[in-house]
Structures are given as structure tokens and as C-alpha cells.
Amino acid sequence: METVNHTVTEFILVGFTTDPVMQLVLFVLFLLMYCVTVMGNITLIVLICTDSRLYTAMYFFIGNLSFLDLWYSTVYTPKIMLTCISDDKSISFAGCLAQFFFSAGLAYSECYLLATMAYDRYIAISKPLLYNQVMSPRLSSYLVAASYTGGFISSIIITRETFTLTFCGDNVIDDFFCDLPPLVKLACDVKESYQAVLYFLMATNVISPTVLILASYLFIIASILRIQSTQGRLKAFSTCGSHLTAVTLYYGSILYIYSRPSSSYSLQRDKIVSVFCTVAMPMLNPMIYSFRNKDVKDALKKMRDRIRVS
């Protein structure tokens, strides 16, 4: 990717505060959250790979979601912690570009994967007898591969468009990582064509998956309403509860930050939402998908018993 037409060689990450005490508090907080994120997602991946009861399309998608969350958090959190305790707040131009590229690719891939998981829930509820046949391992693999491919192709486009802007004068990023809104604030040649690319990618990678998710849930609701017993309806809807929670939190945050024109960005307010997207969500997803899931809890208990015996 070209990195021309810029006049800066590094950026300065402001973070949240310059108060040394608060920086130490934030370091400890981010460290704890990152440890929980790593342990939670790795545990969930290991359970899905080792327990035969979890060899289904649904858990295959959840395992890939945990992989994305683990990678996504690692792109950001170590650098955030380093910025909190180090006097050097700089990040090189190449480092900023790499962080931006991987974060965008992983975020877009997760959007597609969540849409795929909505389709999976639709098949499970509307065609339960044909579920294993329809959501075959081959189709599941293709859907996951398509999610990664679409996400990283879009990331190449947005990274190239963003890092060929002219960054002139101030190189201070009023955020804790290289994100789109603060970088656009530093550019001095943002054209309408660039904003058009942003809207195109938003429509392709966020709005379109959102429409697919909404359509899937409309069909899911219609299928649930055809179930005669109240207990059956509650059981069917409970299988979607975790996914619906994750979708609401993730898409709500992304749409809030990135669906507005650059002129309306409020960097101070967006920092809180960005922390939720980049640090909190990867930590919460394993909890969302495991604490209410009997199969996962049983697999975790089985693993714990196996560890005790050994």
C-alpha cells in the first residue's frame, strides 16, 4: 500500500489523561481486562476444539468470533497499556498504519461473521430437522472464509485511502489508538470522494450485514410464533438471546462512531465508546456466549474435572 503525500513520520497518542496516578489506574484496569479477554477467549476456543458435543456450526462460528476478539484486543490493548506507563507516547507512521489495517479488517470480518451467525440461528429454528444437513462443515467453512476475505479486502481499501491523505502540521492523535475519526481530524485534504468511500464501506460492511441480521430475525420471529407451546417459544428464542445481545452491543457502538460525517465527530465522547468496542466487547463475548449456555458450561465442567484428575 502506498504511504505517500504525508509530512509526518510518527503520531503522538494522547490517551485519556496526563495525570500519572490516573494513568497507572488505567494501566491496571486495562491489564485486568486484557487478561480476562485472553483467558476467556482461549478457554472457549479450546472447549470448542476438544469437546465433541460442541462440533456444530453454531459453535464453529462462536469459536471464530472468539479468535477475532482475541486478535482484535491484542491489536490495541498492549499498546494502550504501554502508552499509560511510558513517557514515550509516539507511534510510528508504519505502526499506526498496521494497527489501523488489522483493526479495520478484524472489525469488518466480525460484522460479516455476526450476520452469518444470524443466518445460522434462522436455519436452526425454522428448519431444525435439516440443520446439520444445511449448515454442513463445508458451508460453515466457506461462510467464515468469506467473512475474513470481505473484511480484509475492505480494510485494504480504507487503509489505502486514509494513509494517502496529507497529514500536515499537528501529529497529535487525541485518542489511545490509530482510529479513523482522529486521523481524519489531522488530515488537511479530506475530499468528498474520501467521504464517499467511507459511506460505501459503511453500507457494504455494516449496513448490509445489519439488514441481513434484521431479515433473519424477522423470519426467526415468524417461525417462533408458529410454535404452539409457550415453553417451546421461550426455548427457541433463548437460542438467539446471546447472539442478539452481542449484535446489539457491537453494531450499536460501530454505528454510533462511524456512521456520522467527519464534521460531527466528538473525540472526547467517542473515546468511551471506542474503549467499549476495542477492549470491553472482546472480554464480554465469551461471557455472553458461555454463561447462559448449558453445553458450554458442561464442557467447561468436564475440562475442569479432567484437569483435577491429571
Side-chain angles (χ1 to χ4, degrees), residues 1-20 22-24 26-31 33-34 37-38 68-110 148 151-191 194 197-198 201 254 257-258 262 265 267-268 270-279 282:
M1 283 174 284
E2 298 178 21
T3 56
V4 296
N5 296 332
H6 61 87
T7 58
V8 298
T9 59
E10 66 178 16
F11 296 99
I12 307 299
L13 299 172
V14 173
F16 287 97
T17 178
T18 57
D19 183 358
M22 283 304 301
Q23 286 183 335
L24 183 59
L26 289 173
F27 170 79
V28 174
L29 178 62
F30 284 126
L31 177 60
M33 295 176 71
Y34 184 58
T37 299
V38 172
L68 284 174
D69 285 337
L70 183 62
W71 192 3
Y72 192 57
S73 181
T74 302
V75 168
Y76 293 116
T77 313
K79 181 60 179 178
I80 294 172
M81 293 189 294
L82 182 62
T83 302
C84 287
I85 61 173
S86 174
D87 293 331
D88 184 8
K89 311 294 184 183
S90 65
I91 182 171
S92 67
F93 190 90
C96 187
L97 184 151
Q99 188 183 70
F100 184 94
F101 169 74
F102 284 109
S103 64
L106 293 167
Y108 290 145
S109 297
E110 187 157 332
Y148 284 103
F152 278 92
I153 287 176
S154 297
S155 180
I156 291 173
I157 296 172
I158 189 59
T159 302
R160 184 184 183 282
E161 292 295 320
T162 300
F163 283 85
T164 52
L165 295 172
T166 299
F167 297 103
C168 50
D170 193 7
N171 67 335
V172 177
I173 294 179
D174 190 11
D175 209 331
F176 56 91
F177 67 99
C178 293
D179 198 13
L180 184 65
L183 285 170
V184 170
K185 285 287 186 181
L186 295 182
C188 53
D189 67 338
V190 179
K191 301 177 181 179
Y194 178 79
V197 171
L198 293 185
L201 292 177
I254 287 183
I257 296 176
Y258 300 109
S262 59
Y265 290 145
L267 297 179
Q268 291 300 321
D270 289 352
K271 285 182 185 180
I272 306 299
V273 184
S274 296
V275 167
F276 183 79
C277 273
T278 58
V279 181

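In this chain, residues are counted from 1 in sequence order. Quick caveat, the model's predicted, so the values are computed rather than measured.
- For the side-chain hydrogen bond (donor to acceptor under 3.5 Å, both in side chains) test, no residue two or more places apart in sequence or in another chain qualifies with Thr278.
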* Please lay out, stage by stage, how Phe163 and Phe93 fare under the test ring-ring contact (aromatic ring centres under 6.0 Å, His included). => CA-CA 9 Å; Phe163 283 85; Phe93 190 90; 5.5 Å; yes
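- Counted by atom type alone, Tyr76 and Ser103 present one or more donor-acceptor pairs between their side chains at under 3.5 Å.
- Pairing each heavy atom of Ser73 with each of Pro282, the nearest pair is CB-CB, 4.0 Å.
- Side-chain atoms of Lys89 come within 3.5 Å of backbone N or O of Thr83 as a donor-acceptor pair.
- Ring geometry for Trp71 versus Phe102: interplanar angle of 30 to 60°, hence tilted.
- Ser154 meets the side-chain hydrogen bond (donor to acceptor under 3.5 Å, both in side chains) test with Asn205; sequence neighbours excluded.
- Nearest heavy-atom pair, Leu68 versus Tyr148, reported as atom, atom and distance to 0.1 Å: CD2-CE2, 3.3 Å.
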* **Verdict with supporting geometry, Glu10 and Asn171, side chain to side chain contact (heavy atoms under 4.5 Å, CB included)** => CA-CA 7 Å; Glu10 66 178 16; Asn171 67 335; 4.1 Å; yes
* To do: Start with the C-alpha gap between Phe100 and Phe177, add the side-chain angles, then the distance that decides, and say whether ring-ring contact (aromatic ring centres under 6.0 Å, His included) holds.
  => CA-CA 8 Å; Phe100 184 94; Phe177 67 99; 9.3 Å; no
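- Listed for the Thr166 side chain is no donor-acceptor partner under 3.5 Å among the backbone atoms of Cys188.
- Between Thr74 and Leu70, the closest heavy-atom pair is OG1-O, 2.8 Å.
- Within the 4.5 Å cutoff, the side chain of Thr77 has no heavy atoms near those of the Thr37 side chain.
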